[in-house]
Amino acid sequence: MDKRWIYIGDAAKHCGEEVEIRGWLYNRRRKGKLLFLLVRDGTGIVQCIGDEKSLGEEEFSELDHLPLESSLIVKGVLKEEKRAPGGFEMNLLSAKVIHKAEEYPIGKKEHGIEFLMKHRHLWIRSKRQVAILRVRSRVVRSIYDFFFERGFVLFDAPILTPTSCEGTTTLFEVNYFDDKAYLTQSGQLYGEAGAMALGKIFVFGPTFRAEKSKTRKHLTEFWMVEPEVAFADLNDMIELGESLISHIVREVVSNCGEELLTLERNIDSLRRVEPPFPRMKYEEVVALLQKKGADIKWGDDFGAPEESMISESFDKPVVIHRFPKEMKAFYMKEDPEDSRLALGFDVIAPEGYGEIIGGGQRADDLNYILSQIEKHNLPQEVFKWYLDLRRYGSVPHSGFGLGLERTVAWLCGTEHIRETIPFPRMLYTLYP
Ligand code: 4AD
Ligand code: MG
């Protein structure tokens, strides 16, 4: 590797030096005898200034007509320039075109979302998308750090599964030789087996739901991190969820300043995200919503408008716990103090970004779980292995799932979840 090849992200360390940058042409303009090239390399954007004298007539003219997104290697001396985009400037000594691009389809004019989605493979090169994907990467890293620092073991759950976890209406079915399989909706049930083997584990991977509604919060393929802890109760999990969320936010705020600036994200509202979060029982939330004029009664689920109403009332994420049993999945533990309720909890993000965590304490009694499987009309045979966990050393245990893309959407302040994953999968969206 050429010692002088640097990444724009490291420009501050190389002021005054003659360096080489390898990237793509992001923008160019000419002002008299000077050429201003914006070059991006994935870590940043640098303004390069060339004049005909030092570049030579031929090179100058080639650059002056170079289509956007052509790849090139530029050499020159770096200096700090507060007024330049990115804060640095390079006086060009040479610029070698690696590939002259065809006329780039994404221009400076506003494009409709349909066009951008069709060109997602190119759209991700834009400043805003690069910023979002960098935040996503940092969120993932902070999640791994969080769990490894606390002694959790990474536990990979299968993608192809014989059962549903979160209800049978959103299952993707695939042929599995002579049998049928489903793409996993959640790694939780396997995570529970992992917790009985390893104490505390986390599953982190893609999950799938055949969501037939078109909303700004739903993908059909999304990533979820799912801790599961033996001997932990609902309260322990709420605390773990609060710590995880505030850890992620802190890491993003302190490491993604440039990206948040590009995204014009208000950081003050993120700085407030420190535990404890407000906690409310489901019934208290229903009362609050009714007071605010919502048409809702005990037993109803919260939709997007209700979630927004809830988050409006607080400036931190909100924990809602103890939901009516009927609303929730078969594996939830009944509240010993009120048999109408389940020991589940959700965390609703601020500013209307919706539910980012769902979880709770698991039913640990074999007979109760059997009755729930029957009540939910689920086939008992495929859960045989899962029931074994209640036969051999069953213990109280709890866990939750945090949706990665909704978390990234909230942190970045993106209106729609489709921008938070490189290649979103949604109803009617499978290309590219
Ligand atoms: O609330 P959910 O359905 O909970 C579970 O799947 C549990 N089995 C998790 C567990 O306890 N281990 O989903 C968890 C989170 C939601 O709060 C949301 O953030 C995200 O996953 N999520 C989605 N994100 C994007 N698109 C979708 N279609 C999503 N469905 C759920
Ligand atoms: Mg949920």
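Both counts, for ligands and for their atoms, begin at 1 and track the order of listing.
- When the ring pair (Phe, Tyr, Trp, His ring centres under 6.0 Å) test is applied to Tyr190, the partners found at least two apart in sequence or on another chain are Trp385.
- Protein contacts to the Mg ion (ligand 2) involving N, O or S atoms at a distance below 2.8 Å are Glu355 OE2.
- A cation-pi arrangement, defined by a distance under 6.0 Å to the six-membered ring centre and an angle within 45 degrees of its axis, is present between Arg150 and Phe146.
- Among Glu355, Met224, Glu226, the residue whose heavy atom sits closest to atom 1 (O) of ligand 1 is Glu355.
- Looking at Phe400 against ligand 1, only its backbone comes within 4.0 Å, counting heavy atoms.
- Residue Lys217 places a heavy atom less than 4.0 Å from ligand 1.
- In this structure, Asp335 and Glu337 have side chains that are in contact, with non-hydrogen atoms separated by less than 4.5 Å.
- Tested against Arg136, the residues Pro422, Cys256, Cys412 include a single side chain to side chain contact (heavy atoms under 4.5 Å, CB included) partner, Pro422.
- The Gly359 neighbourhood of ligand 1 comprises atoms 11 (O), with distances under 4.0 Å to a heavy atom of that residue.
- Ring pair His119/His121 is parallel by interplanar angle, where below 30° counts as parallel and above 60° as perpendicular.
- The closest approach between Glu221 and ligand 1 stays at or above 4.0 Å for every heavy atom of the residue.
- For the pair Glu405 and ligand 1, no heavy-atom separation below 4.0 Å is found.
- Of all atoms in ligand 1, numbered sequentially from 1 with element shown, those under 4.0 Å from a heavy atom of Tyr331 are 7 (C), 8 (N).
- Here the heavy atom of the protein found nearest to atom 30 (N) of ligand 1 is Phe222 CZ, 3.4 Å.
- Note on ring orientation: taking the six-membered ring where Trp is involved, the planes of Phe302 and Tyr282 are parallel (angle under 30°, cut-offs 30° and 60°).
- When side chains are defined from C-beta on, Tyr144 counts as touching Phe204, because their heavy atoms get closer than 4.5 Å.
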Next on the checklist: With side-chain contact (heavy atoms from CB on, under 4.5 Å) as the criterion, how do Arg40 and Asn27 come out once you've worked through the C-alpha distance, each side chain's angles and the decisive distance to 0.1 Å?
Outcome noted: CA-CA 9 Å; Arg40 60 163 199 92; Asn27 217 338; over 6 Å; no

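- With a 4.5 Å cut-off on side-chain heavy atoms, Ile320 and Ile310 count as touching.
- With a 4.5 Å cut-off on side-chain heavy atoms, Ile106 and Trp123 count as touching.
- Side chains of Arg138 and Glu259 form no contact here, defined as non-hydrogen atoms less than 4.5 Å apart.
- The N/O atoms of His218, backbone and side chain alike, include none that comes under 3.5 Å of an N/O atom in ligand 1.
- Of the protein's non-hydrogen atoms, the one nearest atom 15 (C) of ligand 1 is Gly401 O, 3.8 Å.
- Two residues are said to be in side-chain contact when any heavy atoms from C-beta on lie closer than 4.5 Å; Ile238 and Phe400 fail this criterion.
- Residue Ile357 has at least one heavy-atom neighbour below 4.0 Å for each of these atoms of ligand 1: 17 (O).
- Atoms of ligand 1 lying under 4.0 Å from at least one heavy atom of Gly358, given by number and element, are 1 (O), 9 (C), 10 (C), 11 (O), 17 (O).
- Closest non-hydrogen pair, Ile124 versus Gln129, comes out as CA-CB, 3.7 Å.
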Item to check | Glu166 vs Tyr331, side-chain hydrogen bond (donor to acceptor under 3.5 Å, both in side chains): CA-CA, chis, key distance, verdict | outcome: CA-CA 10 Å; Glu166 295 299 321; Tyr331 52 69; 2.4 Å; yes

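- Residue nearest to atom 3 (O) of ligand 1, selected from Met332, Gln185, Arg209: Arg209 (by heavy-atom distance).
- Distances from atom 11 (O) of ligand 1 to the heavy atoms of Met426, Met237, Glu211, Arg362 put Arg362 nearest.
- Relative to atom 26 (N) of ligand 1, the option among Ile417, Thr420, Leu219, Ile356 with the closest non-hydrogen atom is Leu219.
- The protein heavy atom nearest to atom 5 (C) of ligand 1 is Glu166 OE2, 3.3 Å.
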